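This structure is a prediction, so every number in the text was calculated from the model and none was measured.
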Amino acid sequence: MQNHFRVLLMCAFLAAIIAGCAPKQAPLPPQQPAGYVDAVELKLKCRELADQMLATVPNDALKGFVAMPTSFVDESDTSRSSPLGRLMAESMYYEFNQRGFPTREYRLTGKINVVGGRNDLALAANQVVPTSGQKWAALVVGTYYVDKDATFVNVRLVRASDGLVLRTGQLVLVNTPLVLRMARGGSAVASTTTSQPRSSSLYPDLCTTPGANGTIRIVQGK
């Protein structure tokens with residue numbers, strides 16, 4: 001009996017030693033919320049869109065141009081945009097700059113006016129961009145179409161002086177709750193946009209000749 005007790009005691013001692021020497025498993029990283037994962041995926045999609053347009057930069061054909069991203073518009077109603085359309089335009093500022101392609105914030109005219117009751121930060125509508133004798137302006141215009149299961153996005157880099165399409169890109173977004181919520185505008189955005197008049201077009205007809213005074217009007221929607 002005493003020998004049997006010693007054997008059990010030795011086994012317990014050896015088990016404790018083995019357990020102490022075993023490598024400790026690293027704790028699992030915290031799982032990210034599904035909404036965060038969808039947001040990161042949307043950011044990567046914007047990067048993919050810029051890659052399609054600027055994969056060949058530097059390129060002599062694009063030398064000297066300055067990009068002016070505008071809010072992407074709803075293909076079903078090009079007089080309106082949404083948080084999704086505005087976010088994709090803002091992403092183009094970042095993505096173009098990261099690739100060494102200069103961009104211009106045309107909505108600011110040298111003065112920053114803070115006006116209450118508006119959704120957009122320092123947004124100035126009906127901007128007039130001079131194009132007479134200047135070949136630098138390249139508008140980034142895009143559309144999105146929300147279908148049952150997916151959202152189709154198309155974008156163009158357009159020479160403002162004559163409407164020549166310099167670059168194009170397109171992608172398909174999965175209709176995650178984030179994409180649908182942003183495309184539909186949400187209740188807060190919808191309640192304000194219905195009370196404000198909308199322009200007939202979010203950006204000008206780029207296939208027409210600029211005005212006699214050598215300007216092209218950009219109407220940046222809300």
Side-chain angles (χ1 to χ4, degrees), residues 32-59 61-75 80-112 114 118-125 127 129 136-146 150-160 165-186 189 202-203 206 218-222:
Q32 300 292 352
Y36 175 82
V37 176
D38 293 341
V40 173
E41 178 65 20
L42 181 58
K43 178 182 178 180
L44 294 177
K45 284 293 186 180
C46 291
R47 179 178 300 175
E48 177 185 341
L49 202 59
D51 282 338
Q52 292 179 23
M53 290 188 290
L54 303 179
T56 58
V57 171
N59 187 300
L62 298 176
K63 188 176 181 179
F65 282 102
V66 177
M68 294 187 293
T70 64
S71 295
F72 291 21
V73 297
D74 190 340
E75 184 70 37
R80 67 175 296 273
S81 185
S82 66
L84 177 64
R86 291 190 290 272
L87 175 69
M88 299 196 81
E90 294 298 327
S91 297
M92 292 299 104
Y93 278 101
Y94 172 78
E95 298 296 344
F96 271 60
N97 269 305
Q98 288 296 302
R99 289 158 179 79
F101 199 113
T103 59
R104 177 181 175 183
E105 176 52 85
Y106 60 89
R107 293 169 294 184
L108 300 181
T109 57
K111 296 181 180 179
I112 298 178
V114 180
R118 302 190 61 165
N119 291 328
D120 296 280
L121 178 62
L123 175 64
Q127 292 298 296
V129 178
W136 56 265
L139 302 181
V140 181
V141 296
T143 62
Y144 58 89
Y145 175 75
V146 183
T151 295
F152 301 87
V153 180
N154 287 275
V155 65
R156 297 180 294 279
L157 181 66
V158 182
R159 190 164 65 190
V165 177
L166 302 172
R167 290 290 187 273
T168 60
Q170 63 177 194
L171 52 80
V172 179
L173 303 176
V174 177
N175 278 351
T176 62
L178 174 67
V179 170
L180 288 177
R181 187 166 59 249
M182 295 184 68
R184 292 169 180 168
V189 175
L202 199 60
Y203 51 84
L206 299 176
I218 298 177
V219 179
Q220 180 71 7
K222 302 175 179 62

Would you check if M92 and F101 make a side-chain contact, meaning some heavy-atom pair closer than 4.5 Å?
no
Would you say that V174 contacts V179 through its side chain, given a criterion of any heavy-atom pair below 4.5 Å between the two side chains?
no
Could you state the interatomic distance from CZ (F72) to CD (E90), rounded to the nearest 0.5 Å?
11.0 Å
Given the options L180, L42, D38, L173 meets side-chain contact (heavy atoms from CB on, under 4.5 Å) only with L42
Tell me, please, which residues at least two apart from E41 pass salt bridge (charged side-chain N to carboxylate O under 4.0 Å, His left out).
none
Compare every heavy atom of P69 with every heavy atom of V140, then report the nearest pair and how far apart it is.
CB-CA, 3.6 Å
Applying side chain to side chain contact (heavy atoms under 4.5 Å, CB included), can you list everything that pairs with Y36, at least two apart in sequence or on another chain?
Q32, P33, V40
What heavy-atom pair brings G35 and L178 nearest, and what distance separates the two atoms?
O-CD2, 4.4 Å
Would you compute the distance between atom OG1 of T143 and atom CE of M88 and round it to the nearest 0.5 angstrom?
10.0 Å
Tell me, please, which residues at least two apart from Q98 pass side chain to side chain contact (heavy atoms under 4.5 Å, CB included).
Y94
State, to 0.1 Å, how close A150 and V172 come at their nearest heavy-atom pair, and which atoms those are.
CB-CG1, 3.6 Å
Which pairs of donor and acceptor atoms, one on a side chain in residues 45-55, lie under 3.5 Å apart (sequence neighbours left out)?
| unit_1 | atom_1 | unit_2 | atom_2 | d |
| --- | --- | --- | --- | --- |
| D51 | OD1 | R99 | NE | 3.0 |
| D51 | OD1 | R99 | NH2 | 2.5 |
| Q52 | OE1 | Q170 | N | 2.8 |
| Q52 | NE2 | Q170 | O | 2.9 |

Contacts of type side-chain hydrogen bond (donor to acceptor under 3.5 Å, both in side chains), residue D74, not counting sequence neighbours:
R80
Would you confirm whether S82, through its side chain, and R184, through its main-chain N or O, come within 3.5 Å as a donor-acceptor pair?
no
To the nearest 0.5 Å, how far apart are CZ in R159 and CZ in R167?
12.0 Å
Side chains of M68 and W136: closer than 4.5 Å at any heavy-atom pair?
yes
Report the residues that fulfil ring pair (Phe, Tyr, Trp, His ring centres under 6.0 Å) with Y144, sequence neighbours left out, ordered by chain and then residue number.
none
